[in-house]
Protein chains: 2
Amino acid sequence: MTDQMKPEKDEDFLQNCLYFTTNRLSRAITRMADEAFATTGLTPAYGYLIRLVIGSPGITQKELSEKLSITPSTLTRFVDKLETKQLVERKVHGKTVMVYPTEKGVELGPTLRQASKKLKQNYEELLGKELSDQLTQYLTSSSKQLEK
Amino acid sequence: MTDQMKPEKDEDFLQNCLYFTTNRLSRAITRMADEAFATTGLTPAYGYLIRLVIGSPGITQKELSEKLSITPSTLTRFVDKLETKQLVERKVHGKTVMVYPTEKGVELGPTLRQASKKLKQNYEELLGKELSDQLTQYLTSSSKQLEK
DNA sequence: TTTTGTATTTTGTATGTACAAACAAAATTA
DNA sequence: TAATTTTGTTTGTACATACAAAATACAAAA
């Protein structure tokens with residue numbers, strides 16, 4: 001296993017970098033996810049946000065931003081948009097804001113779960129269930145460690 | 001191993017979704033990468049682009065967008081900015097554009113490699129070399145499969 | 001009660017990125 | 001050679017996202 005056997009390719013520094021490879025996959029999977037969610041009228045990020053709200057009506061924005069691992073400012077914009085579409089509503093309670101699903105929001109729940117399911121089927125078909133699961137698990141644990 | 005033993009948590013649908021987990025890690029590692037590259041005056045994406053140009057002077061935009069797995073339109077914007085900073089220059093050749101590093105660009109090379117190295121050290125410290133390497137490899141092979 | 005601190009949210013601004021459409025050059029076909 | 005198709009690039013526009021600073025509101029101390 002000498003150096004002559006595996007010549008260093010020019011672009012290896014890309015393939016070996018976690019930053020690059022993560023973002024590369026992010027672009028690919030986001031494309032797939034957008035497609036799978038096209039029928040819902042929402043992008044996947046919003047879909048997941050609504051599902052959290054449906055699952056815990058009255059959840060605060062703080063909690064939402066933590067569960068989604070996005071910054072509070074981003075969350076504010078997301079909720080703004082969902083409120084405009086009348087899928088959720090805010091109730092201010094002192095300095096915290098609680099978010100509730102509207103009836104229309106609740107009705108969207110099954111459609112959203114459906115889209116998630118289709119997305120999962122799509123990528124599992126390309127990657128295999130093994131790799132998908134393994135990768136997903138690694139990603140979660142790595143995120144937790146890096147977020148500290 | 002019955003259902004009572006592992007109660008489904010509300011937010012499991014997030015943790016189990018490759019779309020979500022990938023983007024979550026993407027946000028975390030991008031934050032780290034931005035820090036590591038702060039000294040270079042460029043964000044990591046631009047840094048890698050320059051390194052490719054230094055490694056293959058005259059590389060076309062098409063090739064660059066393929067190696068970086070970004071769309072041609074995004075690449076155009078990147079090269080625009082690097083040209084403004086006088087780190088690369090374009091030479092139009094028919095309908096293709098060839099990109100060359102300027103002297104200033106070449107000089108930046110070592111600094112960029114340094115930053116990449118520091119980035120890698122940083123995340124390996126948090127994740128361990130094992131996991132980092134394994135994950136990176138999985139990410140590359142998954143991307144290849146999903147990009148088809 | 002006023003002040004001072006702290007936590008939550010919002011706003012201003014910037015970046016990376018995509019898609020679709022426009023454009024321009026080259027290659028193919030008639 | 002003229003017309004058509006393909007390929008590479010650019011531009012317009014939009015979205016997810018972040019950070020830093022401002023606003024808001026409660027809590028604790030003076």
Side-chain angles (χ1 to χ4, degrees), chain A residues 19-20 22-35 37-38 41-50 58-85 88-99 143 146-147, chain B residues 19-20 22-35 37-38 41-49 58-85 88 90-99 143 146-147:
Chain A
Y19 160 79
F20 175 74
T22 303
N23 281 305
R24 180 179 177 188
L25 184 64
S26 163
R27 292 189 288 273
I29 190 83
T30 298
R31 209 172 305 130
M32 288 189 72
D34 285 347
E35 267 175 50
F37 275 73
L42 294 176
T43 54
Y46 290 95
Y48 285 153
L49 171 44
I50 291 203
I59 187 172
T60 68
Q61 292 196 171
K62 177 112 206 292
E63 289 170 315
L64 283 170
S65 78
E66 279 161 3
K67 295 205 182 194
L68 293 171
S69 290
I70 58 180
T71 60
S73 66
T74 300
L75 194 92
T76 292
R77 314 260 148 123
F78 280 19
V79 175
D80 285 350
K81 188 172 291 185
L82 290 179
E83 213 175 22
T84 304
K85 296 194 179 208
V88 306
E89 53 191 25
R90 288 179 159 105
K91 281 193 183 131
V92 180
H93 213 256
K95 66 187 165 190
T96 76
V97 176
M98 304 197 301
V99 186
S143 295
L146 295 193
E147 281 165 9
Chain B
Y19 160 79
F20 175 74
T22 303
N23 281 303
R24 180 179 176 189
L25 183 65
S26 163
R27 292 188 288 275
I29 189 82
T30 297
R31 209 172 304 130
M32 287 188 74
D34 285 347
E35 267 175 50
F37 275 73
L42 294 176
T43 54
Y46 291 96
Y48 286 153
L49 170 43
I59 187 172
T60 69
Q61 291 196 173
K62 177 113 206 289
E63 290 170 314
L64 283 169
S65 79
E66 279 161 5
K67 295 205 182 191
L68 293 170
S69 290
I70 57 180
T71 60
S73 66
T74 300
L75 194 93
T76 292
R77 314 263 148 121
F78 280 19
V79 175
D80 285 350
K81 189 171 289 185
L82 290 179
E83 213 176 22
T84 304
K85 297 194 179 208
V88 305
R90 289 179 159 106
K91 283 193 182 130
V92 179
H93 212 257
K95 71 185 166 192
T96 75
V97 176
M98 305 198 300
V99 186
S143 295
L146 294 193
E147 279 165 9

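Numbered from 1 within each chain, the chains take letters A, B, ... in sequence-line order. Both backbone and side-chain heavy atoms feed into the values below; hydrogens, waters and symmetry mates do not.
- The pair B:E66-B:K62 meets the salt-bridge criterion, with a side-chain N (NZ, NE, NH1 or NH2) lying under 4.0 Å from an Asp/Glu carboxylate O.
- Between C:dG16, C:dT10, D:dT9, one nucleotide has an atom nearer to the side chain of A:Q61 than all others, and that is C:dT10.
- Using a 4.0 Å cut-off on heavy atoms, the residues of residues 24-35 of chain B that approach DNA chain D are B:R27, B:R31, listed by number.
- Of the side-chain N and O atoms in B:T74, one or more sit less than 4.0 angstrom from OP1 or OP2 of C:dA18.
- Phosphate proximity of C:dT9 to A:T76: absent, as no side-chain N or O sits under 4.0 Å from OP1 or OP2.
- Whole-Å rounding puts the B:E66 CD to D:dT9 C1' distance at 14 Å.
- Distance, A:D80 CG to C:dT10 C1': 8 Å, rounded to whole Å.
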Subject >> Base versus backbone protein contacts along nucleotides 20-29 of chain C [heavy-atom cut-off under 4.0 Å; B, S, -] >> reply: B----BS---
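- In this structure, the side chain of A:R27 engages the main chain of B:S69 through a donor-acceptor pair within 3.5 Å.
- The interatomic distance linking B:I59 (CD1) with D:dG8 (P) rounds to 14 Å, in whole Å.
- If you take NZ of A:K62 and P of D:dC26, they are 17 Å apart, rounded to a whole angstrom.
- Heavy-atom distances to DNA chain D give each of B:E63 and A:I70 a nearest nucleotide, and the one nearer the 5′ end belongs to B:E63.
- A:T43 and A:D34 share no donor-acceptor pair across their side chains, judged by distance under 3.5 Å alone.
- Taking A:R90 as the reference, A:D80, A:E83 meet the salt bridge (Lys or Arg N to Asp or Glu O under 4.0 Å) condition, with sequence neighbours excluded.
- Under the Watson-Crick or G-U wobble criterion, with both distances below 3.5 Å, D:dC26 is paired with C:dG5.
- For the pair B:Y48 OH and C:dG16 P, the computed distance is 14 Å after rounding to whole Å.
- Backbone-only engagement by A:T96 is indicated by non-hydrogen atom pairs under 4.0 Å involving sugar-phosphate atoms exclusively.
- Which of C:dT17, D:dA16, D:dT9 sits closest to the side chain of B:F78 comes down to C:dT17.
- Ring orientation note: the planes of A:Y48 and B:F20 are nearly perpendicular, at an angle over 60° on the 30°/60° scale.
- What separates CG of A:L75 from P of C:dA7 is a distance of 19 Å, to the nearest Å.
- Atom-to-atom, CE of A:M98 to C1' of C:dT9 comes out at 15 Å; the value is rounded to the nearest Å.
- Note that OG1 of B:T71 and CG of B:L75 are 8.5 Å apart. Values are rounded to the nearest 0.5 Å.
- B:L68 has its CG atom 13 Å from the P atom of C:dG16, to the nearest Å.
- In this structure, B:R90 does not reach the D:dG8 phosphate: none of its side-chain N or O atoms is under 4.0 Å from OP1 or OP2.
- Contact annotation: the side chain of A:T76 never approaches that of A:V97 to less than 4.5 Å [non-hydrogen atoms, C-beta and beyond].
- Within the 4.5 Å cutoff, no side-chain heavy atoms of A:I50 are placed close to those of A:Y46.
- Counting only heavy atoms from C-beta outward, the side chains of B:I70 and B:F78 approach each other to under 4.5 Å.
- In terms of phosphate contacts, B:Y46 brings a side-chain nitrogen or oxygen within less than 4.0 Å of OP1 or OP2 of C:dG16.
- Once rounded to the nearest 0.5 Å, the distance linking CZ of A:F37 with OH of B:Y19 reads 8.0 Å.
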